[in-house]
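Chain letters run A, B, ... following the sequence lines, proteins first and then strands; every chain starts at 1.
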There are 2 protein chains.
Amino acid sequence: MTMSSTGGRRKPPTIHDVAREAGVSRGTVSRVLNGGHYVSPAAADAVDAAIRKTGYVVNRHARSLITGRSDSVGFLLTEPQERFFEDPNFNVLLRGCTQALAAHDIPLLLMLAGTDDERRRITRYITAGHVDGVLLVSSHSGDPVAEELRAAGVPLVACGKPIGLGSKVSYVAADDRDGARDMVRHLLALGRRRIGVVTGPLDTPGGVERLAGYREVLAEAGVEADERLVVSGDYSRASGEAGAERLLARAPDMDAVFVASDLMAQGVLTALNRAGRRVPQDVAVGGFDDSPAAVAASPELTTIRQPWDRISSEMVRVLLAQIGGEDPAAVILPTELVKRDST
Amino acid sequence: MTMSSTGGRRKPPTIHDVAREAGVSRGTVSRVLNGGHYVSPAAADAVDAAIRKTGYVVNRHARSLITGRSDSVGFLLTEPQERFFEDPNFNVLLRGCTQALAAHDIPLLLMLAGTDDERRRITRYITAGHVDGVLLVSSHSGDPVAEELRAAGVPLVACGKPIGLGSKVSYVAADDRDGARDMVRHLLALGRRRIGVVTGPLDTPGGVERLAGYREVLAEAGVEADERLVVSGDYSRASGEAGAERLLARAPDMDAVFVASDLMAQGVLTALNRAGRRVPQDVAVGGFDDSPAAVAASPELTTIRQPWDRISSEMVRVLLAQIGGEDPAAVILPTELVKRDST
DNA sequence: GCTGCTTCTGTGAGCGTTCACAGTAGAGAA
DNA sequence: TTCTCTACTGTGAACGCTCACAGAAGCAGC
């Protein structure tokens with residue numbers, strides 16, 4: 001009875017068993033397993049059959065021991081935990097990376113390092129060689145982990161350009177400035193002229209670039225810049241709410257807001273609603289990300305789509321290339337305006 | 001210049017280097033590493049010092065090769081991907097499990113198996129022994145993975161009682177029935193008598209139990225049962241919205257709804273709002289989960305808190321015990337009524 | 001003295017794989 | 001024939017660790 005918890009697990013077949021079954025040597029089986037070069041068709045067939053018959057699966061520990069590679073990559077999140085819970089973007093990215101890696105049969109180790117203590121532990125773990133490379137997800141730039149890993153020579157790809165590390169670290173990012181430009185142009189096209197902005201944190205590339213795009217387009221259109229229309233947030237819903245309140249107090253005639261994230265835009269909607277402003281009639285609201293938060297909001301948000309599926313697949317591609325010995329690379333992907341009900 | 005991408009990774013120290021440095025044998029170093037029994041204080045100190053000096057970290061592949069254990073566990077999600085994106089509960093659970101495992105220095109491998117194809121691959125991967133055990137997260141019962149893993153003898157802990165597998169599989173769950181009872185009692189205490197319910201899928205234990213709790217309390221209170229007040233959903237936001245519309249059509253005098261998940265409750269709010277019903281004045285709405293969706297909703301949801309932090313830590317505890325050879329176990333945890341603005 | 005026991009230490013073997021190398025067979029060219 | 005080249009195959013030696021075992025040293029009791 002109680003055996004059911006432990007029973008059923010007998011010794012798995014080894015490469016030896018397969019070799020014996022196929023009537024060839026270990027070496028030949030190994031060659032079949034690793035691409036099949038320099039193997040006669042007859043031998044290859046025999047090995048394939050033997051593998052099927054024995055149910056053989058390669059022991060990754062033994063393989064890793066000799067190759068020095070772990071055939072797994074880490075997905076490292078250095079955000080404090082509440083951001084991970086709150087922001088649906090992480091979910092999408094995680095899912096995308098998992099799938100892209102699955103195509104290469106590479107498992108993903110999720111690593112969360114919210115506190116300094118955890119960060120130390122994880123860094124040690126990674127530099128000990130337990131993963132072949134790291135997908136780094138963190139929006140802030142002061143992050144010491146990226147620099148430590150880079151210095152240790154660990155292949156690394158960041159999501160979003162890490163400020164201050166120059167070209168030594170690979171990254172994949174959406175074209176933040178261009179996306180912001182599209183949104184502000186869209187708001188102008190609707191006839192809005194008093195366009196506010198709730199920026200992201202200005203120590204993040206996304207925060208800086210999206211604000212720059214906003215300013216550029218207004219200047220190009222000859223619309224008077226008004227610093228009362230600029231407030232900054234930290235990508236959280238609460239900061240969006242607070243930002244909108246400040247904007248309304250400072251510029252009651254505001255007829256549109258460009259918000260640097262969908263989550264903040266949700267907060268903006270809450271604040272506008274409370275102030276009795278109708279969206280989009282009185283104030284048009286444009287978000288950024290096209291995260292699940294965009295359709296969860298009411299009204300559904302007009303936003304800038306970040307191509308998360310491509311971002312994740314590119315991150316994986318660049319990381320694997322780097323593990324394979326290539327140099328770091330930067331990839332910038334285009335964004336797209338998605339019109340919904342808030343503008 | 002381009003060396004910077006590959007350089008910096010020299011051969012890590014082995015147990016041999018430590019032994020030489022400490023002036024002892026491999027065996028002694030290994031003993032220190034694994035608990036330090038039968039080692040003289042002097043030798044232990046020398047080894048500790050040598051480990052610090054050389055920066056030695058044990059090579060897990062080599063260790064796993066001989067012990068046959070991987071010292072890692074899998075977090076397996078067999079939901080279709082949209083549910084993973086949408087439902088914040090998964091996030092919370094994932095985070096909790098990661099942290100609980102981190103305390104044991106055990107990394108977590110995230111495995112997503114939304115399609116049949118992925119399911120096959122992952123099952124093969126797991127049964128090949130690449131993880132020591134699996135934390136299984138999936139709400140539906142028809143799930144073949146649980147049964148396959150159980151049959152293969154893989155230590156397994158499910159989140160929520162798996163229907164149809166009896167006592168052979170460990171699980172950790174919140175007390176769904178009791179939580180539902182609390183919520184319905186709360187609605188009754190507010191003077192509501194025409195209380196509707198949007199259930200979860202009735203092939204999930206949560207769906208069944210929460211509905212049962214609802215029925216029990218109404219019966220106990222002598223409130224007339226009315227099947228027009230009962231509709232079922234699938235835990236998605238959209239199904240909550242559709243459910244509320246059906247309820248309003250069939251029982252326009254409804255003055256409260258108990259919704260079996262916060263996410264569905266968000267949909268219910270949307271539908272009520274569109275129908276011009278004020279919440280909570282006209283219709284009180286009670287959710288379930290106390291997920292981030294509860295505070296994201298407006299008005300913020302009164303709900304039943306599932307103790308996610310305890311659920312995840314218990315799942316990890318039970319799994320590790322089972323890996324250590326103990327028998328499967330079931331853990332039921334209490335819930336708690338959280339009052340907010342929707343009732 | 002010898003025997004037995006406990007505590008500690010070193011050594012050889014082996015986990016399952018890949019890699020480098022040596023070697024075989026057959027074809028084609030001189 | 002002999003030599004060279006290509007296509008393929010087998011074998012021993014690692015990889016870094018743990019485990020089982022054999023021994024050494026110290027101490028007690030006879």
Side-chain angles (χ1 to χ4, degrees), chain A residues 9-51 54-72 105 125 127-130 132 323-324, chain B residues 9-51 54-72 105 125 127-130 132:
Chain A
R9 233 174 179 175
R10 64 179 119 277
K11 214 166 187 190
T14 75
I15 202 172
H16 241 112
D17 301 323
V18 176
R20 184 159 16 84
E21 179 71 33
V24 299
S25 71
R26 280 170 13 245
T28 300
V29 177
S30 179
R31 275 184 288 267
V32 171
L33 253 33
N34 296 286
H37 298 302
Y38 287 97
V39 178
S40 67
D45 288 348
V47 169
D48 280 340
I51 288 177
T54 55
Y56 171 78
V57 214
V58 58
N59 181 322
R60 288 179 115 93
H61 298 306
R63 174 182 284 174
S64 295
L65 181 56
I66 181 142
T67 60
R69 305 231 313 222
S70 66
D71 292 321
S72 66
D105 209 30
Y125 191 85
T127 51
H130 296 139
D132 293 335
I323 291 173
Chain B
R9 230 173 181 177
R10 66 180 115 277
K11 214 165 186 191
T14 74
I15 202 171
H16 240 113
D17 301 324
V18 176
R20 186 159 16 84
E21 181 70 35
V24 298
S25 71
R26 282 169 13 246
T28 300
V29 176
S30 178
R31 275 184 287 267
V32 170
L33 253 33
N34 296 286
H37 298 300
Y38 288 96
V39 177
S40 67
D45 288 349
V47 170
D48 281 341
I51 287 176
T54 54
Y56 171 77
V57 215
V58 58
N59 181 322
R60 290 178 114 92
H61 299 305
R63 174 182 283 175
S64 294
L65 182 55
I66 178 143
T67 61
R69 308 235 308 222
S70 65
D71 292 321
S72 66
D105 208 31
Y125 191 83
T127 52
H130 295 139
D132 293 336

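- Ring geometry for B:H61 versus A:H130: interplanar angle over 60°, hence perpendicular rather than tilted (30 to 60°).
- Comparing atom distances between the B:A62 side chain and each of C:dG16, D:dG16, D:dT9 picks out D:dG16 as nearest.
- Going from atom NE2 of B:H16 over to atom C1' of C:dT11 covers 10 Å, rounded to whole Å.
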Could you list the protein-to-nucleotides 19-23 of chain D atom pairs, N/O on both sides, closer than 3.5 Å?
none

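- Taking every heavy atom of both residues into account, A:A22 and A:A46 meet most closely at CB-O, 3.6 Å.
- Going from atom NE2 of B:H61 over to atom P of C:dT18 covers 14 Å, rounded to whole Å.
- Between A:R20 atom CZ and D:dG10 atom P the separation is 14 Å, expressed in whole Å.
- Once rounded to the nearest 0.5 Å, the distance linking CZ of B:R20 with OG1 of B:T54 reads 10.0 Å.
- Distance A:D71 CG to C:dT18 P: 10 Å, rounded to the nearest Å.
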(Q) Checking B:L33 against B:I15 for the side-chain contact (heavy atoms from CB on, under 4.5 Å) test, could you report, in this order, the C-alpha distance in whole Å, the side-chain angles of both residues, the deciding distance, and whether it holds? (A) CA-CA 10 Å; B:L33 253 33; B:I15 202 171; 4.3 Å; yes
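- With the end axes of the helix from C:dG1-D:dC30 to C:dA30-D:dT1 each set by five pairs, the angle from one to the other reads 60° at 10° resolution.
- Separating the NZ atom of A:K11 from the P atom of C:dG14 is a distance of 11 Å, rounded to the nearest angstrom.
- Minimum atom distance to the side chain of B:Y38 is reached by C:dT7, of the listed C:dT17, C:dT7, D:dC17.
- Separation of atoms CD1 (A:I66) and CZ (A:R63) is listed at 11.5 Å; rounding is to 0.5 Å.
- For A:R69 and C:dT17, the CZ to P distance is 18 Å, given to the nearest whole Å.
- Remark: A:S40, A:A43 in residues 40-47 of chain A come within less than 4.0 Å of DNA chain D through at least one heavy atom.
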Q: For the pair A:N59 and A:T14, evaluate side-chain contact (heavy atoms from CB on, under 4.5 Å) and give the outcome as yes or no after the intermediate values.
A: CA-CA 8 Å; A:N59 181 322; A:T14 75; over 6 Å; no
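- Here C:dG16 is the nucleotide among C:dG16, D:dC17, D:dT9 with the atom lying nearest to any side-chain atom of A:T14.
- Atom C1' of nucleotide C:dC15 and atom CG of A:N59 are separated by 8 Å, given to the nearest angstrom.
- OP1 or OP2 of D:dG10 has at least one side-chain nitrogen or oxygen of A:S25 nearer than 4.0 Å.
- Although no hydrogens or angles enter the test, the distance criterion places a donor-acceptor pair under 3.5 Å between the side chain of A:S64 and the main chain of A:R60.
- The two residues A:T28 and A:A43 have their closest heavy-atom pair at CG2-CB, 4.2 Å.
- Going from atom CD1 of B:I15 over to atom P of C:dT11 covers 14 Å, rounded to whole Å.
- To the nearest 0.5 Å, atom NE2 of residue B:H16 and atom CD of residue B:E21 are 14.0 Å apart.
- With the nearest nucleotide of DNA chain C identified for both B:H37 and B:L65, B:H37 has the one nearer the 5' end.
- Within the model, atoms CD1 of A:I323 and CG of A:D132 stand 5.0 Å from one another, a figure rounded to the nearest 0.5 Å.
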